[in-house]
4 protein chains.
Amino acid sequence: MAPSNEQKLDQIHLKRIEQIKKAALKVFAHRGIIGTKMSMIAAEAEISQGLSYRYFKSKEELFITLIQEAMEEANAAFQHVQQLPGTPLEQIRTLTQNILDESNKYPFLLIQHASVSDEVPPKAKQIIEHFSTNVPIEQLIPLFIKGQQLGQFCEGDPYKLLFCYMSVITGLMLQEKQTEGKNWSEDVDILMKIITK
Amino acid sequence: MAPSNEQKLDQIHLKRIEQIKKAALKVFAHRGIIGTKMSMIAAEAEISQGLSYRYFKSKEELFITLIQEAMEEANAAFQHVQQLPGTPLEQIRTLTQNILDESNKYPFLLIQHASVSDEVPPKAKQIIEHFSTNVPIEQLIPLFIKGQQLGQFCEGDPYKLLFCYMSVITGLMLQEKQTEGKNWSEDVDILMKIITK
Amino acid sequence: MAPSNEQKLDQIHLKRIEQIKKAALKVFAHRGIIGTKMSMIAAEAEISQGLSYRYFKSKEELFITLIQEAMEEANAAFQHVQQLPGTPLEQIRTLTQNILDESNKYPFLLIQHASVSDEVPPKAKQIIEHFSTNVPIEQLIPLFIKGQQLGQFCEGDPYKLLFCYMSVITGLMLQEKQTEGKNWSEDVDILMKIITK
Amino acid sequence: MAPSNEQKLDQIHLKRIEQIKKAALKVFAHRGIIGTKMSMIAAEAEISQGLSYRYFKSKEELFITLIQEAMEEANAAFQHVQQLPGTPLEQIRTLTQNILDESNKYPFLLIQHASVSDEVPPKAKQIIEHFSTNVPIEQLIPLFIKGQQLGQFCEGDPYKLLFCYMSVITGLMLQEKQTEGKNWSEDVDILMKIITK
DNA sequence: GATGAATGAGGATTCATTCAT
DNA sequence: GATGAATGAATCCTCATTCAT
């Protein structure tokens, strides 16, 4: 049976939403929420100025949607890493490689921006807050503790260790933004040193 | 001898400039150049909206002034560290502590913002460029090489090592922004691990 | 054939540009560049405050555009007059009538304002300079000399004569501004006396 | 008897008023009321920014004062010319020379500006109106009529003739503003042609 | 659905005026 | 009286959002 007219429209609808989100993610990640003009997103998505408003009520809503999804992705990645075979060190190493992978750069930068900037809408802050305090740390901490028990990770407060680890990743990604193109994922081992003995 | 009238006026002048710069540094560091409204700086400095313009031609000029000074401070800190007694490791350790010190937080964040953001005026970029490419690396690299020769630092391209080190500091400072108040300078040793064997 | 969509948009574009230029010319001619608020132009053109900025980058650019066009028109009029049949006196007489004609009033006043005022942007001054020194005088002077040779014009330095003539026109136009509506073009002959024997 | 303290103060007072008025006249004549900043007047008068406000309530009041005085001077000159010996032509000739004299340039330009511009306060317009409609023409017209009767002036509506005459003077003064320094008073005779047979 | 023209609220900047010294 | 620092209303301009086509 041929797809109904309605289904076709829905497909256009979804395609547009993805198109806009993709463009917005890239520009927001580079320029922050205030530094980004809706016209930039439209240009990046190769659509007209007004079209985004058919799919997103406002710039703010678009931003929040992206934050939400980025946090969900990050969360999924954190959950996934624990299913992986290997020692905690190998697991964290894989996670790090994934984060540093080109395709995950923008969501990570977006989260970083939303975490740090005072410009973002309160609701975005809440989403970050929600995920950050409840989920990921709860998930990674056991890994760190296990790593310490196995003698692979260095001693000390595992929360502090995790915090340092996140800082390194963050710092590296931000530097990356400047040295676009260069790929640091091969140097993951240098980063691993910070948590290992 | 009582200060002359002119001296008194100059003192007011200087006091105001410092007052405005201090307020602006704080707000710019938190919100970036676009996210900062002149009214915010005025509020932070507890002056009227128009007064900043007596001392700085524009928001842009104010921003550039702060970048310039922050870079000079950073440069001075980098130069200073080499005069210190002790091994390269001890020197870098001291530098790190200084950078992470509460009082140096805003200049560092400002530089970070100006380095990464696409919104800053070209002249600010130039200043960063000028200092970044000419000065600090030229200065710190010998320290790293010496550290490697002494067997304290880990092997590999010293530029890459330095880059990682800077990333870590950056990341930590940005996380700090969120955990305002907490003082990480005592945990410098964790950071040192990234460059040591 | 029906006009394509693109053509229609272009027509709106051109129509708006004309609408804004017409309104701006009128207000600028009356109030000068500083005395004119963009809101006045918007009101005169019956559009919103922001719309002018779609078509002209700034008040200054709008002003310069108008000056440029006014000078080009004036230049064309000066060139045209020499093609006309008749004696130099008759030619100048026609030129005078054209200048004093209602429809040419605003461009002339605008030029007058830009020539005299210290407030106009340097680029506007340059345009005036360019045309004034290179073109029109070079063009009218031969006419004056010929008029003198024919014994129609009074003796003396033709540049000085031309200068007086221009002064009279200028003065009359400015007075006209106050006696809006009254039409002096019929009294051109009184003006002619200043250059004739 | 030595002047009392109060008298001395009054003298300072008057001196300041003259100083400010002189400076203001010059700047207003060149730049119009909107184009003139109070700081320019202060600079021209070599006094501080705030001092003018001790002697004039506002920029507007200062401007109106100057217009008032300029109109009174012009009026006096018009009255005076009729007391002079000689034919109407000689009288008008003398008047013209006086107007074109360097020292009377600024008041005349000020009046011209106030007459033509829409920027000036209504009260200034009223003053102009008052003098223009009531006085000077009432005064000069008889002179023109007498000149016509004597066969010196050309025929036609004397009001129209006067209007032309004023236009020429105005135009010349405005051109003068651009060719500062050059002195046209010697060429008065060219101007006279416009009213003579 | 898609376009891009149009609107207008908001932010940077200027400058007349006030005020502390 | 004199100074010039300080204020804030008013103006230029930008850009998120709406709307006619």
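Each chain gets a letter, A, B and so on, in the order its sequence line appears, and its residues count up from 1. FYI, side chains are in, hydrogens and waters are out, and symmetry mates aren't considered; it's all heavy atoms of this structure. Please read these numbers as outputs of a predicted model, since none were measured by experiment.
Going from atom CD of E60(C) over to atom C1' of dT11(F) covers 15 Å, rounded to whole Å. Taking atom CD1 of I20(D) as the reference point, atom C1' of dA2(F) lies 11 Å away to the nearest angstrom. The separation between L62(D) atom CG and dT17(E) atom P is 10 Å, rounded to whole Å. Put simply, CD1 on I64(D) is 15 Å from P on dA16(E), counting in whole angstrom units. To the nearest angstrom, C1' of dA5(E) lies 13 Å from CD1 of I17(C). Put simply, CE on M38(A) is 15 Å from C1' on dT3(E), counting in whole angstrom units. Residue K15(C) contributes atom NZ, which lies 10 Å from atom P of dT21(F) at whole-angstrom precision. We find that CZ of R16(C) is positioned 14 Å from C1' of dT21(F), with the value rounded to whole Å.
Two residues are said to be in side-chain contact when any heavy atoms from C-beta on lie closer than 4.5 Å; K15(A) and E18(A) fail this criterion. Contact of the F56(B) side chain with the I17(B) side chain is registered, since non-hydrogen atoms from C-beta on lie closer than 4.5 Å. Taking the side chain as every heavy atom from C-beta outward, I33(D) and S117(D) never approach each other to under 4.5 Å. Using a 4.5 Å cut-off on side-chain heavy atoms (C-beta onward), E69(D) and L25(D) make no contact.
Summarising the geometry, atom OG belonging to S52(A) is positioned 9.0 Å from atom CD belonging to Q19(A); distances are rounded to the nearest 0.5 Å. Put simply, CE on M40(B) and NZ on K26(B) are 13.0 Å apart, with the number rounded to the nearest 0.5 Å.
Between the side chain of R31(C) and the backbone N or O of D118(D), at least one donor-acceptor pair lies under 3.5 Å.
Applying a 4.0 Å cut-off to non-hydrogen atoms, the residues of residues 45-59 of chain C that approach DNA chain E are I47(C), S48(C), G50(C), L51(C), R54(C), Y55(C), listed by residue number.
The list of side-chain hydrogen bond (donor to acceptor under 3.5 Å, both in side chains) pairs with a residue in residues 53-64 of chain D, not counting sequence neighbours, is empty.
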Can you give me the dot-bracket string for DNA chain F, 5' to 3', counting Watson-Crick and G-U wobble pairs with both distances under 3.5 Å, using [ ] for crossing pairs and | for partners on another strand? .||||||||||||||||||||
Do L62(A) and I41(A) pass the side chain to side chain contact (heavy atoms under 4.5 Å, CB included) test, and can you show the C-alpha distance, the side-chain angles, and the key distance before you say yes or no? CA-CA 11 Å; L62(A) 176 51; I41(A) 295 173; 4.1 Å; yes
